[in-house]
Colleague: 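Input: one structure, supplied below.
These numbers come from the heavy atoms of this one structure, side chains and all, not from hydrogens, waters or symmetry mates. Along the sequence shown, the residues carry numbers beginning at 1. Start at 1 and go down the list; that is how both ligands and their atoms are numbered.
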Amino acid sequence: MILIQITIDGPAGAGKSTIAKMIAKRLGFIHIDTGAIYRVITYIAMQQNVCLDNEDALVQLIASTKIDMEQQAEGEQKVFCNNIDVSKEIRDPIISKNVSRVAVLPKVRQELVRMQRELAQDKNVVMDGRDAGTVILPHAECKIFLTASLEERTYRRYLELKQRGYNDELEFVKKDLARRDYIDENRKTSPLKPAQDAVIVDTTCLGPEEVVQEILRIYQEKKEALNNVL
Ligand code: DC
């Protein structure tokens, strides 16, 4: 069987994790949510009072932290930090607010990219993040860059937070997303940008199923092209 890796990058709120999860389930691939890994490190650093700007302390913390991801039958993914389920805790707004501080540090990224590559090695995966197609898996066969207008992403994130019991104002959610976009797009190490060979999919006016169908179509095209070469 040929190995096919799918990367899905894009800004916060574009729907990467939801779509990656759906695609992985349809294709029977493993889903690797790289943002969750940055969130776990932010969470454990805050728990252990490690300064979020202290790069060397964070690298040490990464070395002593065990991160596991477990796919549930329903497609949900559980994230464990040192064998404790932290799936809910890592989505808390306090983590969302602070995670970019950790994600901006080059040595932290270097360690986590190594971990992410190991997770994907020799497997059919759908990996979502910011640098999956540009840095983590530069040779991935199918690269997608998911995007949507800031207004649409704000509304989606607002509804998601509401569902989880947080009542943040729409304007606050918008400012926070715009701030994270700015940090992600302008950091020196692996800034958020589409890979040269990525297909850009604008999801502003599309529902999840339409996005999944479009990506599956792109995947089929890439797969047929690969089969013709082999
Ligand atoms: O996708 P997310 O919101 O769960 O990501 C959390 C943070 O981690 C986000 O601020 C950007 C960062 N991130 C990154 O820098 N590189 C990745 N591959 C994934 C996420």
Side-chain angles (χ1 to χ4, degrees), residues 5-21 23-24 31-46 52-53 55 58 62 67 69 76-79 81 86-120 125-138 140 143-148 150 153-154 156-161 164 166 168 173-195 198 203:
Q5 300 191 314
I6 303 175
T7 58
I8 304 183
D9 291 306
K16 299 180 300 291
S17 291
T18 308
I19 299 300
K21 203 185 299 169
I23 303 264
H31 171 210
I32 303 174
D33 174 355
T34 59
I37 298 176
Y38 285 91
R39 286 173 180 272
V40 171
I41 297 306
T42 308
Y43 168 79
I44 189 87
M46 289 175 81
L52 297 184
D53 309 303
E55 200 168 17
L58 288 168
I62 293 169
I67 302 176
M69 296 193 172
E76 278 306 309
Q77 191 169 57
K78 287 211 160 161
V79 183
C81 175
V86 292
S87 318
K88 188 161 182 281
E89 289 77 358
I90 62 167
R91 304 287 163 197
D92 191 286
I94 188 79
I95 304 296
S96 305
K97 189 162 178 282
N98 285 293
V99 62
S100 337
R101 267 168 79 188
V102 171
V104 84
L105 303 171
K107 287 189 201 164
V108 167
R109 298 200 71 84
Q110 192 180 324
E111 289 307 307
L112 295 188
V113 164
R114 200 163 47 80
M115 186 190 288
Q116 290 153 2
R117 283 188 183 144
E118 273 170 24
L119 287 170
V125 298
V126 184
M127 179 180 274
D128 77 274
R130 305 292 189 289
D131 58 347
T134 50
V135 176
I136 312 171
L137 302 175
K143 296 182 187 177
I144 306 292
F145 191 85
L146 267 198
T147 180
L150 178 61
R153 290 187 289 121
T154 300
R156 289 179 194 167
R157 188 50 55 98
Y158 169 79
L159 289 182
E160 184 194 324
L161 285 167
R164 286 197 277 124
Y166 299 105
D168 294 4
V173 178
K174 187 175 180 178
K175 273 205 183 116
D176 190 51
L177 277 185
R179 183 185 66 85
R180 285 174 59 196
D181 284 356
Y182 183 83
I183 298 175
D184 289 344
E185 285 164 5
N186 290 286
R187 66 171 171 241
K188 284 210 176 73
T189 314
S190 346
L192 169 68
K193 61 171 184 207
T203 73

Colleague: Who pairs with K107 by side chain to side chain contact (heavy atoms under 4.5 Å, CB included), at least two apart in sequence or on another chain?
Modeller: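 Counting only residues at least two positions away or on another chain, K107 forms a side chain to side chain contact (heavy atoms under 4.5 Å, CB included) with E55, D56, V59.
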Colleague: Can you name the side chain to side chain contact (heavy atoms under 4.5 Å, CB included) partners of I94, sequence neighbours left out?
Modeller: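 Listed in chain order: M46, D92, N98.
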Colleague: Kindly state each residue pair satisfying salt bridge (charged side-chain N to carboxylate O under 4.0 Å, His left out) with at least one member in residues 5-15, sequence neighbours excluded.
Modeller: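 Every pair satisfying salt bridge (charged side-chain N to carboxylate O under 4.0 Å, His left out) with a residue in residues 5-15: there are none.
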Colleague: Flag yes if more than 12 heavy atoms outside Y166 fall under 6.0 Å of its OH atom; otherwise flag no.
Modeller: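 Correct, the count exceeds 12.
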Colleague: Does I136 reach the side chain of I32, with side-chain heavy atoms less than 4.5 Å apart?
Modeller: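 Answer no - side chains too far apart.
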Colleague: Is the backbone N or O of A103 less than 3.5 Å from a side-chain atom of R109, with the two atoms forming a donor-acceptor pair by type?
Modeller: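 The answer is yes, because a donor-acceptor pair under 3.5 Å joins these two groups.
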Colleague: With a 4.0 angstrom cut-off on heavy atoms, strictly below it, pick out the residues next to ligand 1 and order them by chain and number.
Modeller: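 Correct list: T34, G35, Y38, R39, R91, V99, S100, A103, R109, G129, R130, D131, R180, D184, R187.
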